[in-house]
Amino acid sequence: QVDLVESGGGLVQAGGSLRLSCTASGGAFSSYAMGWFLQAPGKEREFVASISRNAYGTSSSDSVKGRFTISRRNAENTVYLQMNNLKPEDTAVYYCAAVKTTTLVIVRTTAREYDTWGQGTQVTVSS
């Protein structure tokens with residue numbers, strides 16, 4: 001099972017950009033489908049974006065479509081979340097998640113489908 005470490009969070013003004021990274025260690029990264037989730041204070045964890053093992057399949061929530069892009073570099077054991085045109089309502093802790101799978105192109109879009117999580121990175125967007 002991999003260990004996941006997120007980085008790249010911070011404070012940004014509305015309209016700005018951030019790129020989150022999640023680096024995996026301790027396992028064969030290319031065997032894992034990956035996802036990003038967010039959790040705002042007092043709210044449940046919610047889906048942001050996900051990517052299949054071979055990066056051919058991606059999915060994102062309606063609230064971030066056109067603004068956020070998920071990508072991965074298997075050779076670097078890293079998945080990214082490029083966030084553009086950030087809004088105050090994007091403020092949350094962002095978590096990286098992984099699940100080992102035999103399918104190359106399937107994406108996972110619910111938290112219960114993932115069994116490995118990072119510690120989270122805070123993203124704060126000021127108005």
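This chain uses plain numbering: 1 for the first residue, then up along the sequence. Predicted model, so just to flag it, every value in this text is computed and none were measured.
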Please check: side-chain N/O of Gln1 versus main-chain N/O of Gly27, any donor-acceptor pairing under 3.5 Å? no
Phe68 side chain near Leu86 side chain, heavy-atom distance below 4.5 Å: yes
Identify the two heavy atoms, one from Leu38 and one from Tyr94, that lie closest to each other, and give their separation to 0.1 Å. CD2-OH, 3.6 Å
Test Thr101 against every option in Glu113, Arg53, Arg108 by the side-chain hydrogen bond (donor to acceptor under 3.5 Å, both in side chains) rule and name the one that passes. Arg108
Where do Val2 and Ala24 come nearest, in terms of heavy atoms and distance? CB-CB, 4.2 Å
Does Leu81 belong to the same Ile/Leu/Val/Met/Phe/Trp/Tyr cluster as Ile51, with side-chain heavy atoms less than 4.5 Å apart forming each link? yes
Can you list every disulfide (SG to SG under 2.5 Å) pair that touches residues 78-127, not counting sequence neighbours? Cys22-Cys96
Hey, could you give me the CZ/OG1 distance between Arg19 and Thr69, rounded to the nearest 0.5 Å? 11.5 Å
Check whether Arg72 reaches the backbone of Ser52 with its side chain - one donor and one acceptor, N or O, closer than 3.5 Å. yes
Does any non-hydrogen side-chain atom of Lys100 lie less than 4.5 Å from one of Thr116? no
Please report the closest heavy-atom contact between Leu20 and Thr121, naming both atoms and the distance. CD2-CG2, 4.0 Å
What's the separation between atom CG in Leu4 and atom CG in Asn77, rounded to the nearest 0.5 Å? 10.5 Å
In this structure, OG of Ser127 is separated from CD of Glu89 (nearest 0.5 Å) by 10.0 Å
To the nearest 0.5 Å, what is the distance between CZ on Phe37 and OG on Ser61? 10.0 Å
Salt bridge or not between Asp90 and Lys87? Use side-chain N to carboxylate O under 4.0 Å. no
Under 4.5 Å between side-chain heavy atoms, counting indirect links through other Ile/Leu/Val/Met/Phe/Trp/Tyr residues: same cluster for Tyr95 and Val99 or not? yes
Arg67 side chain near Met83 side chain, heavy-atom distance below 4.5 Å: no
Correct closest heavy-atom pair for Tyr114 and Ser50 would be OH-CB, 3.4 Å
Least distance between heavy atoms, Ser59 atom then Val107 atom: CB-CG2, 3.9 Å
Partners meeting ring pair (Phe, Tyr, Trp, His ring centres under 6.0 Å) with Phe29 (sequence neighbours left out): none
Any side-chain heavy-atom pair of Val125 and Val123 under 4.5 Å: yes
Is there side-chain contact between Trp117 and Arg45, with heavy atoms separated by less than 4.5 Å? yes
Least distance between heavy atoms, Gly120 atom then Val93 atom: CA-CG1, 3.8 Å
Find out if a path of hydrophobic residues (ILVMFWY) with successive side-chain heavy-atom gaps under 4.5 Å connects Ile70 to Tyr32. yes
Evaluation steps, side chain to side chain donor-acceptor pair (under 3.5 Å), between Ser17 and Asn84: CA-CA 4 Å; Ser17 298; Asn84 298 329; 3.0 Å; yes
Main-chain N/O of Thr91 paired to Thr124 side chain as donor or acceptor, under 3.5 Å: no
